[in-house]
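The structure appears below as C-alpha coordinates.
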Amino acid sequence: MRCWLMKSEPDDVSIDSLAARPGQTVPWYGVRNYQARNFMRDAMRVGDGVLFYHSGCAEPGIAGIARVASEPYPDATQFDPASKYFDPKSTPEAPRWLHVDVGFVRKTRLVGLPELRGCPELENMRVLARGNRLSITPVEPAEWRFIVGQLLGATDLQDWT
DNA sequence: GCCAACGTTGGC
DNA sequence: GCCAACGTTGGC
(Lines give C-alpha, C1' and ligand atoms only; values in the text may rest on other atoms or scores of the structure.)
Protein backbone atom coordinates (compact mmCIF):
# COMPACT_ATOMS: atom_id res chain seq x y z
CA MET A 1 0.00 0.00 0.00
CA ARG A 2 1.25 3.46 -0.81
CA CYS A 3 0.94 6.80 0.87
CA TRP A 4 0.38 10.28 -0.42
CA LEU A 5 0.26 13.93 0.48
CA MET A 6 -2.74 15.81 -0.85
CA LYS A 7 -3.10 19.58 -0.70
CA SER A 8 -6.39 21.30 -0.10
CA GLU A 9 -7.24 24.92 0.51
CA PRO A 10 -9.00 24.90 3.87
CA ASP A 11 -11.34 27.69 2.71
CA ASP A 12 -12.62 25.10 0.24
CA VAL A 13 -12.20 21.74 2.00
CA SER A 14 -10.50 21.64 5.41
CA ILE A 15 -9.89 18.63 7.63
CA ASP A 16 -12.83 19.80 9.77
CA SER A 17 -15.19 20.16 6.83
CA LEU A 18 -14.14 16.72 5.60
CA ALA A 19 -15.00 15.26 9.00
CA ALA A 20 -18.40 17.00 8.87
CA ARG A 21 -19.39 15.72 5.44
CA PRO A 22 -21.91 12.93 4.92
CA GLY A 23 -19.93 9.69 4.99
CA GLN A 24 -16.85 11.75 5.89
CA THR A 25 -15.65 11.56 2.29
CA VAL A 26 -15.13 14.09 -0.47
CA PRO A 27 -14.58 13.69 -4.20
CA TRP A 28 -11.13 15.20 -4.81
CA TYR A 29 -12.47 17.55 -7.48
CA GLY A 30 -10.63 20.30 -9.29
CA VAL A 31 -7.30 18.65 -10.09
CA ARG A 32 -6.27 19.97 -13.52
CA ASN A 33 -2.70 18.78 -13.65
CA TYR A 34 -1.85 15.62 -15.55
CA GLN A 35 0.75 14.30 -13.15
CA ALA A 36 -1.58 14.65 -10.19
CA ARG A 37 -4.41 13.10 -12.20
CA ASN A 38 -2.21 10.18 -13.17
CA PHE A 39 -1.40 9.47 -9.54
CA MET A 40 -5.13 9.20 -8.81
CA ARG A 41 -5.96 7.31 -11.98
CA ASP A 42 -3.04 4.87 -12.10
CA ALA A 43 -1.29 4.54 -8.77
CA MET A 44 -3.77 4.97 -5.94
CA ARG A 45 -5.57 2.06 -4.32
CA VAL A 46 -8.49 2.09 -1.94
CA GLY A 47 -7.06 2.23 1.56
CA ASP A 48 -3.85 4.10 0.71
CA GLY A 49 -2.78 6.53 3.45
CA VAL A 50 -3.11 10.27 2.87
CA LEU A 51 -1.47 13.18 4.67
CA PHE A 52 -4.11 15.91 4.47
CA TYR A 53 -2.29 19.20 3.86
CA HIS A 54 -3.68 22.71 4.16
CA SER A 55 -2.29 25.10 1.53
CA GLY A 56 -2.95 28.67 0.49
CA CYS A 57 -3.70 29.72 4.05
CA ALA A 58 -2.11 31.42 7.04
CA GLU A 59 -0.57 28.23 8.41
CA PRO A 60 0.24 25.76 5.67
CA GLY A 61 0.99 22.24 6.86
CA ILE A 62 -0.29 18.76 7.62
CA ALA A 63 -3.63 18.97 9.40
CA GLY A 64 -4.81 15.40 9.50
CA ILE A 65 -4.81 11.88 8.14
CA ALA A 66 -7.14 10.53 5.50
CA ARG A 67 -7.39 7.58 3.17
CA VAL A 68 -8.15 6.83 -0.44
CA ALA A 69 -11.79 5.84 -0.35
CA SER A 70 -12.77 4.98 -3.93
CA GLU A 71 -11.58 3.82 -7.31
CA PRO A 72 -10.94 6.60 -9.84
CA TYR A 73 -13.96 8.05 -11.66
CA PRO A 74 -14.71 11.18 -13.71
CA ASP A 75 -14.68 14.55 -11.96
CA ALA A 76 -18.19 15.96 -12.45
CA THR A 77 -17.03 19.59 -12.30
CA GLN A 78 -15.31 19.30 -15.70
CA PHE A 79 -18.75 19.08 -17.38
CA ASP A 80 -20.36 21.93 -15.44
CA PRO A 81 -20.19 25.25 -17.34
CA ALA A 82 -20.92 27.07 -14.09
CA SER A 83 -17.91 25.55 -12.34
CA LYS A 84 -14.52 27.21 -12.29
CA TYR A 85 -13.18 23.76 -13.08
CA PHE A 86 -15.22 23.45 -16.28
CA ASP A 87 -13.19 22.02 -19.18
CA PRO A 88 -14.83 22.62 -22.57
CA LYS A 89 -12.45 20.15 -24.20
CA SER A 90 -13.61 17.24 -22.08
CA THR A 91 -16.60 15.05 -22.90
CA PRO A 92 -18.49 12.41 -20.91
CA GLU A 93 -17.46 9.89 -23.59
CA ALA A 94 -13.78 10.71 -23.11
CA PRO A 95 -13.43 12.42 -19.74
CA ARG A 96 -10.09 14.07 -19.26
CA TRP A 97 -10.14 14.41 -15.48
CA LEU A 98 -10.51 11.50 -13.09
CA HIS A 99 -10.36 11.64 -9.31
CA VAL A 100 -10.83 9.49 -6.23
CA ASP A 101 -12.83 10.01 -3.06
CA VAL A 102 -10.83 10.87 0.04
CA GLY A 103 -12.10 9.73 3.44
CA PHE A 104 -11.53 11.19 6.90
CA VAL A 105 -9.40 9.20 9.33
CA ARG A 106 -8.46 11.71 12.02
CA LYS A 107 -7.58 15.29 12.70
CA THR A 108 -4.08 15.88 14.06
CA ARG A 109 -2.14 18.80 15.41
CA LEU A 110 -0.95 21.08 12.64
CA VAL A 111 2.57 20.22 11.51
CA GLY A 112 3.61 23.42 9.75
CA LEU A 113 5.90 23.82 6.78
CA PRO A 114 8.82 25.24 8.82
CA GLU A 115 8.67 22.20 11.11
CA LEU A 116 8.64 19.83 8.15
CA ARG A 117 11.55 21.66 6.55
CA GLY A 118 13.47 21.44 9.81
CA CYS A 119 13.42 17.64 9.90
CA PRO A 120 16.54 16.01 8.41
CA GLU A 121 14.49 12.82 8.03
CA LEU A 122 12.32 14.65 5.50
CA GLU A 123 14.97 16.45 3.48
CA ASN A 124 14.11 14.50 0.34
CA MET A 125 10.37 14.72 0.73
CA ARG A 126 8.78 15.46 -2.63
CA VAL A 127 6.42 18.16 -1.43
CA LEU A 128 9.36 20.08 0.07
CA ALA A 129 11.39 20.09 -3.13
CA ARG A 130 12.24 23.50 -4.54
CA GLY A 131 9.55 24.86 -6.81
CA ASN A 132 7.19 21.97 -6.23
CA ARG A 133 3.63 22.86 -7.19
CA LEU A 134 2.11 19.42 -7.44
CA SER A 135 -1.01 19.16 -5.32
CA ILE A 136 -0.60 15.40 -4.95
CA THR A 137 2.79 13.86 -4.19
CA PRO A 138 3.88 10.36 -3.20
CA VAL A 139 5.20 9.92 0.33
CA GLU A 140 7.94 7.39 1.03
CA PRO A 141 7.10 4.74 3.68
CA ALA A 142 9.96 5.97 5.88
CA GLU A 143 8.64 9.52 5.62
CA TRP A 144 5.15 8.34 6.53
CA ARG A 145 6.43 6.43 9.55
CA PHE A 146 8.42 9.42 10.74
CA ILE A 147 5.60 11.94 10.33
CA VAL A 148 2.83 9.76 11.66
CA GLY A 149 4.85 8.04 14.38
CA GLN A 150 7.36 10.65 15.53
CA LEU A 151 5.71 13.98 14.74
CA LEU A 152 2.10 13.05 15.32
CA GLY A 153 2.51 10.32 17.91
CA ALA A 154 -0.08 8.22 16.11
CA THR A 155 1.82 5.00 16.61
CA ASP A 156 -1.27 2.97 15.74
CA LEU A 157 -1.11 4.37 12.20
CA GLN A 158 2.61 4.54 11.52
CA ASP A 159 2.76 1.04 10.07
CA TRP A 160 -0.40 1.43 8.08
CA THR A 161 1.45 1.19 4.79
C1' DG B 1 0.10 41.88 -3.36
C1' DC B 2 4.50 40.01 -4.88
C1' DC B 3 7.08 36.86 -7.27
C1' DA B 4 9.64 32.42 -8.23
C1' DA B 5 8.77 28.34 -10.37
C1' DC B 6 6.50 25.53 -13.29
C1' DG B 7 2.87 23.60 -16.69
C1' DT B 8 0.28 24.47 -20.80
C1' DT B 9 -0.80 26.58 -25.11
C1' DG B 10 -0.21 27.73 -29.69
C1' DG B 11 2.34 29.81 -33.61
C1' DC B 12 5.90 28.60 -36.50
C1' DG C 1 9.38 19.73 -32.09
C1' DC C 2 10.77 24.25 -30.38
C1' DC C 3 10.00 27.92 -27.44
C1' DA C 4 7.90 32.42 -26.05
C1' DA C 5 3.95 33.93 -23.83
C1' DC C 6 0.76 33.21 -20.59
C1' DG C 7 -1.70 31.36 -16.53
C1' DT C 8 -1.47 29.16 -12.05
C1' DT C 9 0.34 27.67 -7.63
C1' DG C 10 1.52 28.74 -3.22
C1' DG C 11 4.64 30.63 0.27
C1' DC C 12 5.74 34.89 2.13
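Naming: A, B, ... by sequence-line order, numbering from 1 per chain.
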Q | Protein-nucleotide distance (Asp11(A), atom CG; dG10(C), atom P), rounded to Å | A | 14 Å
Q) Which is it for Met40(A) and Leu98(A) under the side-chain contact (heavy atoms from CB on, under 4.5 Å) test, yes or no, and what are the steps along the way? A) CA-CA 7 Å; Met40(A) 291 195 284; Leu98(A) 305 184; over 6 Å; no
Q) Rounded to the Å, how far apart are Asp12(A) CG and dG10(C) C1'? A) 15 Å
Q. Please give, in whole Å, the distance from dA5(B) C1' to Leu128(A) CG?
A. 16 Å
If you restrict it to nitrogen or oxygen atoms, what contacts under 3.5 Å exist between nucleotides 2-4 of chain B and the protein, and what is each distance?
none

Q | Salt-bridge contact Lys107(A)-Asp16(A) (side-chain N to carboxylate O under 4.0 Å) | A | yes
Q.
Just N and O in the side chain of Lys7(A): are any of them under 4.0 Å from OP1 or OP2 of dG10(C)?
A. yes
(Q) In whole Å, I'd like the distance from the NE2 atom of His54(A) to the C1' atom of dG11(C). (A) 16 Å
(Q) Nearest whole Å is fine: how far is dC6(B) P from Gln35(A) CD? (A) 12 Å
Q | Integer-rounded Å distance: dT9(C) C1' and Asn132(A) CG | A | 10 Å
Q. When you match Gly30(A) and Arg117(A) each to their closest nucleotide on DNA chain C, which lands nearer the 5' end?
A. Gly30(A)
Q) Reckon Tyr85(A) has a side-chain N or O less than 4.0 Å from the OP1 or OP2 of dT8(C)? A) no
(Q) Looking only at the side chain of Leu113(A) (C-beta and beyond, no hydrogens), which of the listed nucleotides dG7(B), dG11(C), dT9(B) gets closest? (A) dG11(C)
Q: Using atom CG of Leu134(A) as one end and atom P of dT9(C) as the other, report the distance to the nearest whole Å.
A: 12 Å
Q. Pro60(A) side chain: which of dT8(B), dG11(C), dG10(C) is closest?
A. dG11(C)
Q. Do the side chains of Val31(A) and His99(A) get nearer than 4.5 Å, heavy atoms only?
A. no
(Q) Would Glu115(A) and Arg109(A) count as a salt bridge (Lys or Arg N to Asp or Glu O under 4.0 Å) here? Give the steps. (A) CA-CA 12 Å; Glu115(A) 183 175 358; Arg109(A) 76 176 178 93; 2.7 Å; yes
(Q) Which label fits Trp4(A) and Phe39(A): parallel for a plane angle under 30°, tilted from 30 to 60°, or perpendicular past 60°? (A) tilted
Q) Given atom NZ of Lys89(A) and atom P of dT8(B), what is their separation to the nearest angstrom? A) 12 Å
Q) Can a donor-acceptor pair be found between the side chains of Tyr29(A) and Asp80(A) at a distance below 3.5 Å? A) no
Q: Check the pair Trp28(A), Phe52(A) against ring-ring contact (aromatic ring centres under 6.0 Å, His included), reporting the backbone distance first and the verdict last.
A: CA-CA 12 Å; Trp28(A) 206 253; Phe52(A) 194 102; 5.7 Å; yes
